[in-house]
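Residue indices begin at 1 and follow the sequence shown. For the numbers below, each heavy atom of this structure counts, side chains included, while hydrogens, waters and symmetry mates do not.
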Amino acid sequence: MRRTRILTAVLALAAGLLAGTPPVVAAGNASEVPLTADTYTWKNARIDGGGFVPGIVFNRKEKNLAYARTDIGGAYRWQESSKTWTPLLDSVGWDDWGHTGVVGLASDPVDPDKVYAAVGTYTNSWDPKNGAVMRSSDRGASWQKTVLPFKLGGNMPGRGMGERLAVDPNRNSVLYLGAPSGKGLWRSTDSGVSWSQVTAFPNAGNYQQDPSDTSGYASDNQGVVWVTFDESTGTAGTATRSIYVGVADLQNSVYRSTDGGASWSRLAGQPTGYLAHKGVLDAVNGYLYLTYSDKGGPYDGGKGQVWRYATATGAWTNISPVAEADTSYGFSGLTVDRQKPRTVMATAYSAWWPDTQIFRSTDSGATWTRAWDYTSYPNRANRFTLDVSSSPWLTWGANPSPPEQSPKLGWMTESLEIDPFNSNRMMYGTGATLYGTENLTNWDSGGQFTIKPMVQGLEETAVNDLASPPSGAPLLSALGDVGGFRHTDLTKVPPMMFTQPNFTTTTSLDFAETNPNTAVRVGNLDSGPHIAFSTDNGANWFAGTDPSGVSGGGTVAAASDGSRFVWSPDGTGVRYATGFGTSWSASSGIPAGAIVESDRVDAKTFYGFKSGKFYVSTDGGATFTASAATGLPSGDSVRFKALPGVKGDVWLAGGAADGAYGLWHSTDSGATWTKLSNVDQADTVGFGKAAPGASYQTLYTSAKIGGVRGIFRSTDKGASWTRINDDAHQWGWTGAAITGDPRVYGRVYVSTNGRGVIYGDTSDTGGGGPTDPTDPPPTGACAVTYKITNQWSGGFQADVQLTNTGSSAWTGWTLAWTFPNAQTVTQTWNAETTQSASTVTAKNVGWNANVAAGSSVSFGFTGTWSGTNGKPTTFRTGDRNCVVS
């Protein structure tokens with residue numbers, strides 16, 4: 001459930017990231033390490049949703065152009081042709097991980113190619129960097145960024161209010177941004193390039209969810225929360241005169257300017273004792289609609305109202321669909337049907353039980369109907385049918401008693417939008433998915449409308465652990481909020497998350513290396529056991545028994561043959577058990593809170609790590625002995641794994657900027673360690689199938705190598721490294737878990753903190769090797785695939801794949817082509833480009849110069865076009881024309 005969202009994010013971002021900037025150290029000799037490159041295809045292991053969608057924005061000029069924002073997982077653009085969402089912020093890198101939290105989004109109502117996102121995850125110390133406004137002129141295909149002098153909170157309380165970011169519909173170079181933390185109202189007059197505070201705005205807000213919270217999370221002033229323009233008070237090219245702004249202040253929640261933002265005043269006669277979550281204006285009939293709650297959300301809210309303000313007369317009308325005395329929730333989601341502007345809808349966002357409620361009026365709020373009503377309690381009559389066959393896990397495997405139903409209509413329903421071009425289409429966000437309907441007006445005729453998940457492509461889970469067994473399902477995942485899944489097919493949504501029990505967050509999982517049908521997982525649960533076991537490779541589970549004092553999942557390890565388990569739970573010390581955990585005994589010699597793993601060969605050997613010390617047990621976890629090894633990271637920002645098939649072969653990654661940080665290898669069960677000199681920093685380590693001809697398994701890590709942050713692969717035991725992601729595929733923070741696939745060479749599974757499980761497949765059939773950047777460009781045979789991946793009025797995005805079809809490796813490359821229609825390259829990634837007239841030359845960057853025979857390298861770019869956007873027909877590398885497909 002989304003109530004644990006903040007806990008998930010904090011756990012996933014532990015190990016020093018919350019307390020300060022993600023660690024950075026000088027590269028030293030490692031910066032000189034040559035890196036090879038490989039072309040990878042990246043996809044999500046499909047879950048479809050899994051997180052809170054607090055904002056949905058339709059463009060009001062262009063049909064079928066819509067965006068969604070998430071609290072920690074970036075922003076997405078709707079693809080009408082496929083009914084899917086395309087992620088837009090995967091280029092956010094490690095150092096800027098907080099910019100995957102989106103607190104505001106605006107689609108330009110004058111120029112639909114332009115879109116803006118206000119980004120930043122936390123306003124307290126957990127996020128070390130300030131927020132930013134990102135701007136795009138190609139619908140999110142590429143971005144420019146302006147860093148703000150304050151923080152933004154995409155995952156803070158109040159994040160469902162909004163939208164905080166708005167574009168003037170008459171003069172689209174003007175934008176407004178509502179800031180949290182008492183920073184007030186901000187304005188840009190140059191299309192988001194620069195920002196200044198609106199000093200005339202009189203109220204920076206004062207509402208705090210919990211003023212006593214010393215962490216700064218719940219005690220932050222939620223600030224200025226939405227901006228709405230009255231487009232009827234301006235003309236094209238002239239700034240809109242009337243602007244309404246919502247403020248987190250229970251007594252003074254709505255302000256207005258009638259002179260284009262020069263001066264502001266509190267709206268007279270407004271309701272008090274509530275926060276205005278949304279303000280949506282119907283300029284046709286001259287009404288400002290407002291949904292109110294006594295709390296900031298997205299979880300809390302006990303009372304609420306809905307009001308209508310007449311912009312011409314200043315008259316206020318309480319149009320609440322339910323009398324205040326009969327509410328146990330606040331109102332938030334709010335939308336007007338732009339085709340039929342007397343039609344208004346609102347949500348009871350904090351109605352957790354028995355279900356959320358959606359209200360609809362076709363007479364400007366004079367009367368309302370509900371999505372469901374009681375017939376005779378506890379029986380319900382629904383105006384909708386809810387079909388979750390595309391995401392069957394949304395039932396949570398529950399079979400509740402009436403009036404509760406499974407699946408639920410939702411919870412945390414703060415975003416609700418009717419398509420401005422289609423009265424039949426409505427979308428709304430919940431704490432777990434994005435729902436939609438395409439026959440909404442059946443509501444008014446007395447028929448039922450059909451709600452389905454409208455979320456494919458939008459992946460928003462925080463990943464804590466990953467496992468890829470040598471047989472059975474290729475992927476088991478430990479996730480925040482939705483527990484985790486067993487993927488038998490990465491391209492399909494699993495039928496159910498892990499159940500019996502349903503952990504709100506799974507913190508760790510493991511399987512028996514030589515008996516992969518035996519699996520174990522641990523996690524958090526409000527009440528009930530914190531450990532579960534499976535004897536069929538994770539298809540079915542049964543609960544174990546907690547030892548006394550357990551308060552959270554911690555980490556767990558399974559013996560290589562599944563005969564015993566070692567568990568390091570929160571709240572008590574390390575424990576071990578034979579069999580399936582019906583009776584636990586205390587382990588000696590190892591401190592509470594240690595990270596535990598198992599040797600993948602010797603069933604009685606287990607490992608632990610805590611505060612710079614490595615521990616080993618050779619008696620099944622009963623006793624541990626500290627290794628005499630020194631020089632390991634002193635903190636607990638560490639992840640380590642034992643290599644399958646080789647006893648005592650252990651790899652350890654982690655550290656911090658103020659101490660030891662990198663990748664270590666032991667071949668004697670941790671008695672001695674060798675630090676890899678060619679790795680600057682490393683945060684995860686995992687293993688996959690060996691490369692063809694290689695005798696050692698493939699290593700994978702999320703690391704900084706050669707001065708470059710990325711996902712890396714080594715096929716030669718860490719002697720050389722290949723960066724396998726690129727700048728367009730970074731996914732913010734990837735430090736929780738990584739694993740290769742033991743059955744598919746090159747396949748790697750990467751954890752993210754909000755973008756779900758990413759997996760990559762290689763086009764390389766070998767391992768590659770170091771490159772000399774001074775070598776001349778290749779002259780051998782080549783092949784090129786040129787693909788336009790996105791196109792819009794005046795702009796496009798293209799991907800180019802260059803394949804070495806010769807018999808020898810390239811150690812540097814250039815590729816030249818001529819555009820047939822005078823197109824111009826505007827931005828490039830994974831290559832350096834120059835352009836003279838219509839001729840473009842692309843050259844490798846430092847880390848992708850080497851291309852083995854039979855391998856490929858890819859790069860991409862955005863460009864402009866007019867009239868026709870024809871594809872180049874000839875590509876040359878060195879003195880050769882390439883085969884074009």
Side-chain angles (χ1 to χ4, degrees), residues 1-14 49-52 71-72 155 157 209-210 213 215 217-218 295 297-302 328-329 349-356 393-401 403-413 430-433 460-465 477-485 496-509 520-534 541-556 567-572 575 581 584 592-593:
M1 305 284 275
R2 307 312 299 159
R3 287 170 290 181
T4 64
R5 186 63 166 185
I6 178 61
L7 298 177
T8 299
V10 171
L11 288 169
L13 291 170
F52 180 35
D71 50 5
I72 65 171
N155 199 35
Q209 177 180 295
D210 180 4
D213 177 20
S215 74
Y217 178 74
K295 306 289 184 181
Y299 315 113
D300 54 2
S328 58
Y329 47 79
Y349 78 95
S350 54
W352 289 85
W353 188 93
D355 210 340
T356 197
W393 61 266
L394 285 167
T395 66
W396 252 259
N399 186 27
S401 299
E404 194 172 7
Q405 296 180 351
S406 182
K408 283 193 171 189
L409 189 58
W411 57 88
M412 296 167 60
T413 50
T430 78
T433 192
E460 200 203 347
T461 50
V463 184
N464 294 328
D465 203 359
S477 58
L479 306 178
D481 295 328
V482 292
F485 291 88
M496 190 53 57
M497 73 273 285
F498 297 144
T499 60
Q500 296 178 324
N502 294 58
F503 297 145
T504 51
T505 288
T506 300
T507 57
S508 175
L509 58 80
V520 60
R521 60 185 170 95
V522 293
N524 302 330
L525 194 59
D526 292 339
S527 61
H530 294 79
I531 188 165
F533 300 93
S534 173
W541 297 85
F542 56 93
T545 302
D546 285 5
S548 177
V550 172
S551 60
T555 58
V556 70
W567 183 16
S568 178
D570 296 338
T572 189
R575 299 289 192 268
W584 295 91

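In this structure, CG in Asn502 is found 11.5 Å from CH2 in Trp393, a value given to the nearest 0.5 Å. Once rounded to the nearest 0.5 Å, the distance linking OG1 of Thr461 with CD1 of Ile72 reads 8.5 Å. Rounding to the nearest 0.5 Å places CG of Asp71 at 7.0 Å from CE of Met412. Annotation: the span from Ser350 atom OG to Trp411 atom CH2 amounts to 14.5 Å, rounded to 0.5 Å. Between Asp481 atom CG and Met497 atom CE the span is 10.0 Å, to the nearest 0.5 Å.
Taking each heavy atom of Val522 and Thr506 in turn, the nearest pair found is O-CG2, 3.3 Å. Between Gln405 and Pro400 the shortest heavy-atom distance is C-CG, 3.8 Å. Taking all atoms of both residues into account, the shortest heavy-atom contact from Thr505 to Gly480 is OG1-CA, 3.5 Å. Between Pro529 and Gly544, the shortest heavy-atom contact is CB-O, 3.5 Å. Taking all atoms of both residues into account, the shortest heavy-atom contact from Gly554 to Ser508 is O-CB, 3.4 Å. When all heavy atoms are compared, the tightest approach of Met496 to Thr395 is CE-OG1, 3.2 Å.
Every residue meeting the side-chain contact (heavy atoms from CB on, under 4.5 Å) condition with Thr413, not counting sequence neighbours, appears here in chain and number order: Thr347, Tyr349, Thr356, Tyr428, Thr430. For the side-chain contact (heavy atoms from CB on, under 4.5 Å) test, residues two or more places apart in sequence or in another chain that qualify with Asp355 are Trp372, Arg380, Lys408, Leu409.
Enclosure of atom CD in Gln500 is not indicated, since only 12 or fewer non-hydrogen atoms of other residues, nucleotides or ligands lie within 6.0 angstrom.
Put simply, the side chain of Ser477 gets close to the backbone of Phe485: a donor and an acceptor are under 3.5 Å apart. A donor-acceptor distance shorter than 3.5 angstrom exists from the side chain of Glu460 to the backbone of Phe52, with no hydrogens or angles considered.
Counting only residues at least two apart or in different chains, side chain to side chain donor-acceptor pair (under 3.5 Å) contacts with residues 541-554 comprise His530-Asp546.
Side chains of Asn524 and Phe503 form no contact here, defined as non-hydrogen atoms less than 4.5 Å apart. Side chains of Pro547 and Trp567 form a contact here, defined as non-hydrogen atoms less than 4.5 Å apart. Using a 4.5 Å heavy-atom threshold, the side chains of Leu509 and Phe498 count as touching. Residues Tyr329 and Trp352 fail the side-chain proximity criterion, which asks for heavy atoms closer than 4.5 Å. Proximity of Trp396 to Pro407: side-chain heavy atoms (C-beta onward) are nowhere separated by under 4.5 Å. Looking only at side-chain heavy atoms (C-beta outward), Val520 and Ile531 come within less than 4.5 Å of each other.
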